[in-house]
Q: 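One structure follows; several queries about it will come next.
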Amino acid sequence: MDRVVVLGGTGFVGRHLADAFAAAGHDVLVVARHQVPTPHPFASFDVAAATGPSFAAFLDGMEPDVVVDATGSSWGLGDEEMTSRCLVPTRRLLAALRHVRLRPRVVHLGSVLEYGPVPPGTPVNHGSAPPETAYGKAKLAASTALLAAAGSGRADAVVLRLSNAIGPGMPGESLVGRVLRALRSAAPGEPAVVRLKPLEAHRDYLDVRDVAEAVVAAAVADVSGQVLDIGSGKAVPVRDLVRLVVGSSGIPARIEEEPPARRDWWATMSWIEVDPTRAREVLGWRPRHDLGDTARWVWAGGDGGDAARQAGSTGAVGRVPPDREHR
């Protein structure tokens, strides 16, 4: 395995995945609809709008050994948009796999929200109730389609259901994004006012560096047609995470909790904990970063990879390098 295409590679998780594959010595191509600064070779391609043959032709030009499907972010979307953003791209990928000359391995990023609510103290699992949210339903449909293709021999694919990934570059609509925005906009000498939804839930938070290591391991693992749950294995109070981020900033802050205007998935999933035992057995993977370390990293803004991205050190943004056009 030496050439990896990351679909959705300019998103929060996708950016860290591209960095991790490159750091491991693999040839990485980032694919997304819109150009953004990235230190990796980039190709603009609208997966959701592609036909099977056109997508296959695009992949044949890249000749990837692995395709990572990191499409399907829910941030800032309404329920009516979930299918087009979280299910359709995976369907297009499956259609393309019917036409490609060389079939790549696929690592699909699912979500812990593909499971429905469970009683506090219980890990989510494959016997859990079905999801109640539009996002969870769309992501579950995408994972189910990919697993069916793998089961019939039409794809070599594995699904990783991720818990709540956190790290630098999180969307501004996320919990951590809202906390950071409030802290960084505080007037000098004045305490920050952080207004959030009620911090009553427990979540399984995972450092995005650990997520990336799991994805890199899954790309080469001898496993197909399976779902692996990727998480820390421990549900922690959301309030604890907020306090860790605020504490890492050193900025005095007042946290104000306000009921949301309407009930959303945040309210339906009051407890999320993942059992990563199977991932540990199959991938030889386990989380390496604790939440305090992650909170400090988030506040610091990341490492050199992020700095290079901000500086626009791309070399190939918006085009495919010549060596990719004719392998």
Side-chain angles (χ1 to χ4, degrees), residues 6 8-24 28 39 68 70 72-75 107 109-113 123-124 159-180 183 199 201-219 221 228-249 269 271-280 282-310:
V6 183
T10 60
F12 161 56
V13 174
R15 294 196 304 269
H16 290 280
L17 298 185
D19 290 346
F21 275 107
V28 176
V68 179
S73 171
S74 67
W75 299 112
V107 180
L109 303 192
S111 168
V112 70
L113 293 180
V124 293
V159 173
L160 304 186
R161 283 191 179 142
L162 308 182
S163 64
N164 299 77
I166 56 176
M170 293 192 70
E173 301 92 340
S174 67
L175 171 67
V176 172
R178 292 195 299 272
V179 173
L180 293 175
L183 292 171
L199 302 175
H202 289 66
R203 298 277 184 267
D204 188 323
Y205 289 107
L206 186 63
D207 191 298
V208 73
R209 291 170 292 189
D210 289 322
V211 171
E213 288 185 4
V215 175
V216 172
L228 301 177
D229 294 330
I230 307 296
S232 70
K234 180 182 180 181
V236 300
V238 172
R239 185 172 285 108
D240 286 1
L241 173 63
V242 172
R243 288 172 175 167
L244 283 170
V245 175
V246 172
S248 297
S249 74
M269 298 288 283
W271 174 277
I272 298 177
E273 181 176 285
V274 167
D275 181 359
T277 302
R278 180 64 178 158
R280 184 165 57 245
V282 172
L283 304 180
W285 167 88
R286 66 179 64 242
R288 296 190 299 109
H289 300 91
D290 63 41
L291 203 53
D293 173 40
T294 304
R296 290 186 290 272
W297 184 49
V298 166
W299 176 251
D303 55 18
D306 296 277
R309 191 178 299 113
Q310 292 298 320

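Residue numbers count from 1 along this sequence.
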Q: Is any side-chain heavy atom of V298 less than 4.5 Å from a side-chain heavy atom of M170?
A: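 No - every pair of side-chain heavy atoms lies 4.5 Å or more apart.
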Q: Go through the structure and list residues passing ring-ring contact (aromatic ring centres under 6.0 Å, His included) with H289, not counting sequence neighbours.
A: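 Listed in chain order: nothing, the list is empty.
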Q: Hey, is the main chain of W299 close enough, under 3.5 Å, to the side chain of S248 for a donor-acceptor pair?
A: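 Between the backbone of W299 and the side chain of S248 there is no qualifying donor-acceptor contact (under 3.5 Å).
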Q: Please examine the side chains of R243 and V246, heavy atoms only from C-beta on, and report whether any two atoms are closer than 4.5 Å.
A: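 The answer is no, as the side chains (C-beta and beyond) never meet within the 4.5 Å cut-off.
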Q: Does a side-chain heavy-atom distance below 4.5 Å link R161 with V112?
A: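 Answer no - side chains too far apart.
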Q: Is there a side-chain contact between I166 and R203 in this structure, where contact means two heavy atoms from C-beta onward sitting under 4.5 Å apart?
A: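 No - every pair of side-chain heavy atoms lies 4.5 Å or more apart.
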Q: If you look at every heavy atom in R288 and D210, which pair is closest and at what distance?
A: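 Closest pair (atom of R288, atom of D210, distance): N-OD1, 2.9 Å.
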Q: Below 4.5 Å, heavy atoms only, C-beta onward: do V211 and V13 meet side chain to side chain?
A: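 Touching, per the 4.5 Å side-chain cut-off.
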Q: Kindly compute the distance separating CD (E273) from OG (S163), expressed to the nearest 0.5 Å.
A: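 Those atoms lie 10.5 Å apart.
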Q: Go through the steps for V215 and L109 under the test side chain to side chain contact (heavy atoms under 4.5 Å, CB included), then give the verdict.
A: CA-CA 8 Å; V215 175; L109 303 192; 3.7 Å; yes
Q: Between atom CZ of R296 and atom CG of L291, what is the distance when rounded to the nearest 0.5 Å?
A: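 Going from CZ on R296 over to CG on L291, the span is 9.5 Å.
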Q: Any heavy-atom pair between the side chains of D207 and W297 that's under 4.5 Å?
A: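 Result yes, sub-4.5 Å side-chain heavy-atom pair found.
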Q: Could you tell me which non-hydrogen atom of R15 sits nearest to which non-hydrogen atom of T10, and how far apart they are?
A: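 Here R15 and T10 meet closest at NH1-O, 3.0 Å.
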Q: Closest approach of A235 and H202, non-hydrogen atoms and distance?
A: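 In this case the closest contact between A235 and H202 is CB-CB, 4.0 Å.
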Q: For A212 versus L17, what's the shortest heavy-atom pair and its separation?
A: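 Looks like CA-CD2, 3.6 Å.
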Q: Can you give me the closest heavy-atom contact between S174 and G177, atom names plus distance?
A: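 Closest approach of S174 to G177, heavy atoms only: OG-N, 3.0 Å.
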Q: So, applying side-chain contact (heavy atoms from CB on, under 4.5 Å) with V245, which one of L175, T294, L183 is it?
A: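 Single pass found, and it is L183.
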Q: Between atom CG of L113 and atom CG of N164, what is the distance when rounded to the nearest 0.5 Å?
A: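 Answer rounded to 0.5 Å: 7.0 Å.
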Q: Which heavy atom in D204 sits nearest to a heavy atom in V274, and how many Å separate them?
A: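 Smallest interatomic distance, heavy atoms only, reads OD2-N, 2.9 Å.
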Q: Is any side-chain heavy atom of D19 closer than 4.5 Å to a side-chain heavy atom of P39?
A: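 Side chain of D19 against side chain of P39, heavy atoms only: contact under 4.5 Å found.
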